[in-house]
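All values derive from a computational prediction rather than experimental measurement.
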Amino acid sequence: MRALVTGGAGFIGSHLVDALLVRGWEVVALDNLFTGQRANIAHLAAEHRFRFVEGDVCDAHLVDELIRGCDVVFHLAAVVGVKHVIDNPLAGMRTNVLGTANVLAAAHRHGVRVCLASSSEVYGQSEDVPFVEDGPRVLGPTWIPRWSYATAKALDEHLCFAYRDRGLEVSVVRYFNAYGPRTDPRGYGSVVARFVNQALSGEPLTVHGDGQQTRSFTYVSDSVEGTIRAGTMPAALGEAFNLGSEEEITIERLAREIIALTGSRSALTYMPYEAAFGAHFAEPRRRVPNAGKARRLIGFEPQVSLQDGLRRTIEWFRG
Ligand code: UDP
């Protein structure tokens with residue numbers, strides 16, 4: 001089997017590349033190295049079943065060339081991370097919509113199956129937790145730049161389903177706060193990376209708001225396993241799946257866990273949202289998946305507890 005992984009030098013993408021290679025696949029990774037890092041794939045330099053192409057998903061010609069001859073495209077390339085999205089919403093929307101349009105058009109031309117990486121962010125501020133795939137999406141006003149990411153990802157999903165109706169084999173995965181080794185150490189993509197860094201360097205952990213907002217952190221190997229299942233199993237065709245742990249935790253608790261697991265002397269400091277992100281900011285208060293559909297249709301079952309996952313992540317950061 002041969003795959004193209006867009007965003008293959010990124011955090012989840014590079015773990016996906018590793019997992020596909022272990023299964024005997026040939027893999028091409030496309031990445032523009034905006035948030036992706038060469039270091040994430042450096043260990044594959046001598047792997048003859050792997051090829052890295054530095055380039056952009058917005059380059060339709062390149063995307064077409066790389067998709068031809070593949071069995072599956074795992075489309076993970078995107079501008080992600082709250083900070084990146086709100087710092088440059090235009091770049092985010094361009095990459096996240098145009099890139100997906102290119103991938104889908106090329107995959108449709110060549111009859112190649114697509115697995116789109118979407119996000120739990122598409123549920124927005126819905127209070128209907130735990131989220132089910134066909135539940136409501138509640139987004140705030142358009143002048144809050146954060147929601148441009150949810151909107152772009154939702155449009156990507158719409159594009160997928162429109163192509164499905166034209167005969168393309170597609171599936172969609174919605175990630176819930178994936179974390180683990182190779183998260184951007186600056187913490188752009190994940191509060192876990194940021195807190196671990198702060199705890200290891202003895203700085204205060206910056207808890208936004210009152211810290212009572214919740215997330216369901218999902219260890220990256222679980223996200224990757226679900227992605228491969230969604231991208232290959234017949235039962236996944238034409239469907240969208242929540243890929244997330246159902247273990248919900250407040251951000252304040254997460255901070256305390258990380259302090260305990262690192263043995264750090266750091267304190268918590270509470271930072272108002274405006275101080276962290278400026279005036280126009282909003283975020284989901286609770287984010288929890290109902291993973292029942294993924295469990296039922298593709299046998300998705302997260303294996304790594306938050307404690308274990310945090311331990312492994314901390315170990316990697318120490319290294
Ligand atoms: N957060 C925090 N301190 C930080 C970074 C993030 O308290 O230094 C909070 C953030 O406000 C959110 C949660 O941690 O409530 C998860 O943030 P992240 O950026 O990891 O992803 P999100 O779930 O918002 O997409």
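Tested against Val53, the residues Asp31, Asn32, Leu30 include a single side-chain contact (heavy atoms from CB on, under 4.5 Å) partner, Leu30. Checking Asn242, Thr227, Thr218 one by one against Tyr175, the side chain to side chain donor-acceptor pair (under 3.5 Å) holds for a single residue, Thr227. Screening Gln213, Glu121, Glu248 for a side chain to side chain donor-acceptor pair (under 3.5 Å) with Arg287, the sole residue that qualifies is Glu121. Tested against Phe195, the residues Thr313, Leu200, Ile314, Val207 include a single side-chain contact (heavy atoms from CB on, under 4.5 Å) partner, Val207.
In terms of modelled atom types and a separation under 3.5 Å, the side chain of Thr183 and the main chain of Tyr179 share no donor-acceptor contact. Between the side chain of Arg265 and the backbone N or O of Ile259, no donor-acceptor pair lies under 3.5 Å. Glu47 places a side-chain N or O within 3.5 Å of a backbone atom of Arg49 that can act as its donor or acceptor partner. Lys153 places a side-chain N or O within 3.5 Å of a backbone atom of Ala117 that can act as its donor or acceptor partner. Between the side chain of Arg164 and the main chain of Gly238, a donor-acceptor pair closer than 3.5 Å is present. Looking only at distances, no side-chain donor or acceptor of Arg295 sits under 3.5 Å from a matching main-chain atom of Glu301. Checked by atom type and distance alone, the side chain of His84 never pairs as donor or acceptor with a backbone atom of Ala91 at under 3.5 Å. A distance-only check finds no donor-acceptor pair linking the side chain of Ser126 to the backbone of Tyr123 [under 3.5 Å]. Without hydrogens or angle criteria, Asn96 side chain to Gly92 main chain gives a donor-acceptor distance under 3.5 Å. Asn177 contributes no side-chain N or O that, together with a main-chain N or O of Ser216, makes up a donor-acceptor pair within less than 3.5 Å.
Leu168 and Val112 make their closest contact through CD1-O, 3.3 Å (heavy atoms, listed as atom of the first residue, atom of the second, distance). Between Asp71 and Met1, the closest heavy-atom pair is OD2-CA, 3.4 Å. Residues Leu139 and Gly124 come closest through the heavy atom pair CD2-CA, 3.6 Å. Scanning all heavy atoms of the two residues, the minimum distance from Gly244 to Phe176 falls at CA-CB, 3.8 Å. For the residue pair Pro284 and Arg146, the shortest heavy atom distance occurs at CD-NH2, 3.6 Å. Contact record, Ala291 with Glu246: N-OE2, 2.8 Å, taken as the closest heavy-atom pair.
Once rounded to the nearest 0.5 Å, the distance linking CE of Met93 with OG of Ser148 reads 4.5 Å. Taken to the nearest 0.5 Å, the CZ atom of Arg109 stands 9.5 Å off from the CZ atom of Arg68. With rounding to the nearest 0.5 angstrom, the CZ atom of Phe131 is 8.5 Å from the CZ atom of Arg286. In this structure, Ile251 CD1 and Arg253 CZ are separated by 11.5 Å, a value rounded to the nearest 0.5 Å. Expressed to the nearest 0.5 Å, how far NE2 of His158 lies from OG1 of Thr100 amounts to 13.0 Å. Within the model, atoms OG of Ser266 and CD of Gln198 stand 7.5 Å from one another, a figure rounded to the nearest 0.5 Å.
Residues His43 and Asp18 bring a donor and an acceptor atom of their side chains to less than 3.5 Å of each other. One side chain, Arg194 or Thr206, offers a donor N or O that lies under 3.5 Å from an acceptor on the other. With no hydrogens or angles considered, no side-chain donor-acceptor pair links Thr250 and Gln212 at under 3.5 Å. His15 and Ser221 form no side-chain donor-acceptor contact under 3.5 Å, judged by distance and modelled atom types alone.
The aromatic ring centres of Phe241 and Phe300 sit 6.0 Å or more apart.
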Side chain to side chain contact (heavy atoms under 4.5 Å, CB included) between Val72 and Trp25, intermediate numbers included: CA-CA 11 Å; Val72 184; Trp25 289 52; 3.8 Å; yes

- prompt: side chain to side chain contact (heavy atoms under 4.5 Å, CB included) between Ile67 and Val103: does it pass, once the steps are laid out?
  reply: CA-CA 8 Å; Ile67 284 181; Val103 166; 4.1 Å; yes

Taking it one step at a time, do Glu239 and Ser171 satisfy side-chain hydrogen bond (donor to acceptor under 3.5 Å, both in side chains)? CA-CA 5 Å; Glu239 302 285 347; Ser171 35; over 6 Å; no

- request: Verify side chain to side chain contact (heavy atoms under 4.5 Å, CB included) between Asp87 and Phe277, making sure each step is shown before the conclusion.
  value: CA-CA 9 Å; Asp87 282 352; Phe277 298 110; over 6 Å; no

How far apart are the C-alpha atoms of Arg94 and Asp56, what are their side-chain angles, what is the distance that settles it, and do they pass the salt bridge (Lys or Arg N to Asp or Glu O under 4.0 Å) test? CA-CA 12 Å; Arg94 181 173 179 275; Asp56 206 293; 5.3 Å; no

Exercise. Checking side chain to side chain contact (heavy atoms under 4.5 Å, CB included) for the pair Val192/Leu254: CA distance, chi angles, key distance, verdict?
Worked result: CA-CA 8 Å; Val192 173; Leu254 175 78; 4.2 Å; yes

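Side chains of Cys160 and Leu104 form a contact here, defined as non-hydrogen atoms less than 4.5 Å apart. Considering only heavy atoms from C-beta on, Glu247 stays 4.5 Å or farther from Val288 through its side chain. Under the 4.5 Å side-chain criterion, counting only non-hydrogen atoms from C-beta, Ser223 is not in contact with Leu243. The closest side-chain heavy-atom distance from Arg215 to Val191 is not below 4.5 Å. Side-chain atoms of Leu306 and Ile249, non-hydrogen and from C-beta on, do get closer than 4.5 Å to each other. At a threshold of 4.5 Å between non-hydrogen side-chain atoms, the residues Val17 and Leu44 count as touching. Proximity of Phe50 to Leu21: side-chain heavy atoms (C-beta onward) are separated by under 4.5 Å at one or more points.
A continuous path of ILVMFWY side-chain contacts below 4.5 Å connects Phe217 to Leu261, so both sit in one hydrophobic cluster. In the hydrophobic clustering of this structure, Leu268 does not group with Met271; members are Ile, Leu, Val, Met, Phe, Trp, Tyr whose side-chain heavy atoms approach within less than 4.5 Å, directly or through other members. Taken together through direct or relayed side-chain contacts under 4.5 Å among Ile, Leu, Val, Met, Phe, Trp and Tyr, Phe317 and Leu310 form part of one hydrophobic cluster. Leu4 and Val27 fall into different hydrophobic clusters, defined by Ile, Leu, Val, Met, Phe, Trp and Tyr side-chain heavy atoms under 4.5 Å apart, directly or through other members. Cluster annotation: Leu155 is not connected to Tyr149 through the hydrophobic network of ILVMFWY side chains, with a link wherever side-chain heavy atoms come within less than 4.5 Å.
Look at Glu26 and Arg51 and you find no salt bridge, because none of the NZ, NE, NH1 or NH2 atoms lies under 4.0 Å from a carboxylate O. Taking a cutoff of 4.0 Å between a charged side-chain nitrogen and a carboxylate oxygen, Glu225 and Arg229 qualify as a salt bridge. Comment: Arg311 does not engage Glu315 in a salt bridge, judged by the lack of any side-chain N to carboxylate O separation of less than 4.0 angstrom. Between Glu133 and Arg296 there is no salt bridge, since no side-chain N of the basic residue sits under 4.0 Å from a carboxylate O of the acidic one. Comment: Asp128 does not engage Arg137 in a salt bridge, judged by the lack of any side-chain N to carboxylate O separation of less than 4.0 angstrom.
Looking at residues two or more places apart in sequence or on another chain, you find no ring pair (Phe, Tyr, Trp, His ring centres under 6.0 Å) involving Tyr270.
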